[in-house]
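So you know, we letter chains A, B, ... as the sequences are listed, proteins then strands, and number each from 1. Please read these numbers as outputs of a predicted model, since none were measured by experiment. Keep in mind that the numbers below use all heavy atoms, side chains included, and drop hydrogens, waters and symmetry copies.
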Amino acid sequence: MNNIDYKKVKAWPFQEALKLKNRVSKINNKKIVTFETGYGPSGAPHIGTFAEVLRTNMVRNCLEEISDFSTNLITFSDDLDALRKVPEDYPFPDKLKEYIDYPLSMIPDFTEKYESYADRNNNLLKSFLNNFKFDYNFISSTDYYINGKFDQQLLKILDNYESIINIILPTLRKERRESYSPFLPICKKTKKVLQVPIKVVDKKNGVIAYRENNQYKETLVTGGSCKLQWKIDWAMRWSALNIDYEMNGKDLIPSFDLSSQIANFIENKIPSNMSYELFLDEKGEKISKSKGNGLSIDEWLNYGSSESLSLFMYNNPKRAKKLYFDCIPKSMDEYRKLFISLQNQSITKILDNPLWHIHQKNIPTNTYPIDFTNLLNLVTALNTTNNQTIKDFVKIYLKEEINVLDEKELDKIILLSIKYYKNFIFPNISKRKPDIKESQAIKKLLFEIKNLNDEISAEDYQNIVFKVGKEIFPDDLRKWFISLYQILFGSDSGPRLGSFFNVYGKKKVLFLLEDTIK
RNA sequence: GAGCCCGUAGCUCAGCGGUAGAGCAUUCGCCUUUUAAGCGAGGGGCCCUGGGUUCGAAUCCCAGCGGGCUCACCA
């Protein structure tokens, strides 16, 4: 702790943390503050799930900064939930189809790498979180249900069965009301999660009866024999896990309200809450896996750094943001800009700098020495996927020495830029063919270059380009350069040709030029 | 129907009490060689409208108008 006035820090995670601090400070003997994020492992983790963990962790980080509370981040996987639809991104959809209505954790993983289908998805999430070095406690719903860790709350819910059901029923349509039950029995025979009407039999001992084939069968609500319908499940978790803070997408605002009402009949535990806006695609439509629009975590990390992804997630969580490929270079550049601006900032300003939040206050000492968009331009100009060539050109471009640590960062983003170039820039380049006069000039250029020895300096190249230009376009030298750029790169401007040819190498230069006059 | 968010340069957006900003686009200048996918300079704004709070509002509050999304099946 120190004497910074945190109320003056505008960064949203601090404002959330202050709100939370005020709340938990009123609780007697409060020492540990628990944050929860929920995950439904019915498919590979969605970028929204990931954003939620990231953002929650930022609030957690701020709370630690402004208070003496210990903190705990739970990522809760609702893996006892039933599979309802086969996700499109799973490699074995036909095999999965046979397991509709089965608990996710009881479905085999047909990729044969994990213990179950849920385990596979859980591990995908964990690997993303580990990649970002989060400290979290992973909790499997199945584990908690089966090992009786929710029993106390389950009995309490049964005890208040009527009150709770009266909260839910008015929100449902008539047809649904008849089949609705807060308890979903897990069939002893088939292991399916059943959505059937139930009757309360014995509140004290936790016995209910559910209808199957026109007769009622008794079962316990405890010990993993029943799962809770999700809004009740959510409320139950707040009590069972003592949750103090949880975020959710704006689609769940009504559910949060409902779960809060239900919580009054469990242990009255309602977390401090923030709702965030959903991500949209380029056209402004909600991104979803089934549509395949927007971006996945993997796709972003293919073309951009993890820091740039964090930065994107950090910015304005309460605004609906378009998430598509153009966001990546923008975010990469913004990161570097913020990094540079950080260097001379006062402490309060640093707390407002997104980098402080992204790096959980351990801001690295180095970053890449060139803007990503700039690098993309160079890669495009070079039209190569050779790391070393690109790096050499960057060094010429930057002029000054790059220190070893910055160079490491540069290496990383060169790999990213190559992939970005291949997929988004290269397919859109359209070069034009030279006219007769231009062909003549290029032939002349080829002849001159061939006549030189193999070690040609940038200056020599530049001299030749000028020499040929002056001979063939004596009145409009400018046009000669524009023509060359259009023919070589499909653009009206380009890199200084001398240094470009030099880095590119004689053999490739000759090939490039010959290719234009074929 | 209810809720959430957004209306700022031509476009995409940032700023969120103290002189109106960025990127892209546009206009102009710059290649006989000192970074040309670059650099320099410029144009372009009733910050949706109306009220309120304030010494001061793009920013905070209220009302309206316009747009988008979400929920009311499942999670």
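Trp356(A) has its ring centre no less than 6.0 Å from the ring centre of Tyr314(A). Between Tyr303(A) and Phe424(A), the ring centre distance stays below 6.0 Å. Taking the six-membered ring wherever Trp is involved, the centroid distance between the rings of Phe393(A) and Tyr397(A) does not fall below 6.0 Å. Aromatic ring centres of His46(A) and Tyr39(A) lie farther apart than the 6.0 Å criterion allows. With ring centers used as reference points, Trp300(A) lies 6.0 Å or more from Phe325(A).
Side-chain N/O atoms of Ser105(A) and Thr142(A) include a donor and acceptor closer than 3.5 Å. A donor-acceptor pair shorter than 3.5 Å can be found between the side chains of Ser77(A) and Asn122(A). Using modelled atom types and a 3.5 Å distance limit, the side chains of Tyr245(A) and Asn273(A) yield no donor-acceptor pair. For the residue pair Glu52(A)/Tyr276(A), the side-chain donor-acceptor check at 3.5 Å is satisfied. At a cut-off of 3.5 Å, with distance as the only test, a side-chain donor of Tyr90(A) or Asp109(A) sits close to an acceptor on the other residue. There is a side-chain donor-acceptor pair under 3.5 Å between Ser483(A) and Glu438(A). The closest side-chain donor-acceptor pair between Asn386(A) and Tyr504(A), if any, does not fall under 3.5 angstrom.
Surrounding NZ of Lys97(A) are at most 12 heavy atoms belonging to other residues, nucleotides or ligands under 6.0 Å away.
Phe256(A) has its CZ atom 18 Å from the C1' atom of A2(B), to the nearest Å. Rounded to whole Å, the distance from CD1 on Ile396(A) to P on G38(B) is 17 Å. The distance between atom CG of Asp257(A) and atom P of C71(B), rounded to the nearest whole Å, is 15 Å.
Rounded to whole Å, the separation between the C1' atoms of G44(B) and G23(B) comes to 15 Å. Comparing the C1' positions of G43(B) and A58(B) gives an interatomic distance of 22 Å, to the nearest angstrom. The C1' atoms of A9(B) and G50(B) are separated by 24 Å, rounded to the nearest whole Å. Taking the P atoms as reference points, G40(B) lies 46 Å from C4(B), given to the whole Å. A gap of 31 Å separates the C1' atoms of U19(B) and G66(B), to the nearest Å. Going from the P atom of U26(B) to that of A20(B) covers 28 Å, rounded to whole Å. G21(B) and U8(B) are spaced 10 Å apart, taking the C1' atom of each and rounding to whole Å. Taking atom P in both A22(B) and G45(B), one finds a spacing of 15 Å when rounded to whole Å.
Of the two residues contacting RNA chain B, namely Leu488(A) and Leu278(A), the nearest-nucleotide position lying further toward the 5' end is that of Leu488(A).
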All N/O contacts under 3.5 Å from nucleotides 6-11 of chain B to the protein, with atom names and distances to one decimal?
residue, atom, partner, partner atom, Å
C6(B), OP1, Arg319(A), NE, 3.4

Nucleotide N/O to protein N/O under 3.5 Å, stretch nucleotides 22-24 of chain B:
none

Close N or O pairs between protein and nucleotides 73-75 of chain B (under 3.5 Å):
residue, atom, partner, partner atom, Å
C73(B), OP1, Arg173(A), NE, 3.1
C73(B), OP2, Arg173(A), N, 3.3
C74(B), OP1, Arg176(A), NE, 2.5
C74(B), OP1, Arg176(A), NH2, 3.2
C74(B), O2', Arg84(A), NE, 3.1
A75(B), OP1, Arg84(A), NH2, 3.1
A75(B), OP2, Gln229(A), NE2, 2.7
A75(B), N7, Trp230(A), NE1, 3.1

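Contact annotation: Lys330(A) side-chain N/O to U12(B) OP1/OP2 distance is not under 4.0 Å. In terms of phosphate contacts, Asn316(A) brings no side-chain nitrogen or oxygen within less than 4.0 Å of OP1 or OP2 of C13(B).
Residues passing the ring pair (Phe, Tyr, Trp, His ring centres under 6.0 Å) test with Phe50(A), sequence neighbours excluded: Phe132(A). Applying the side-chain contact (heavy atoms from CB on, under 4.5 Å) test to Ala441(A) and every residue at least two apart in sequence or in another chain returns Val468(A), Ile472(A), Phe473(A), Trp480(A).
As judged by a 4.0 angstrom heavy-atom cut-off over every strand, Lys467(A) is placed among residues making no nucleic acid contact.
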>> Across nucleotides 27-34 of chain B, 5' to 3', mark each nucleotide with B, S or - according to how protein heavy atoms within less than 4.0 Å reach it.
In response: ---BBBBS

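Judged by distance alone, with hydrogens and angles left aside, Lys250(A) brings a side-chain donor or acceptor within reach of the base of C69(B), the pair sitting under 3.5 Å.
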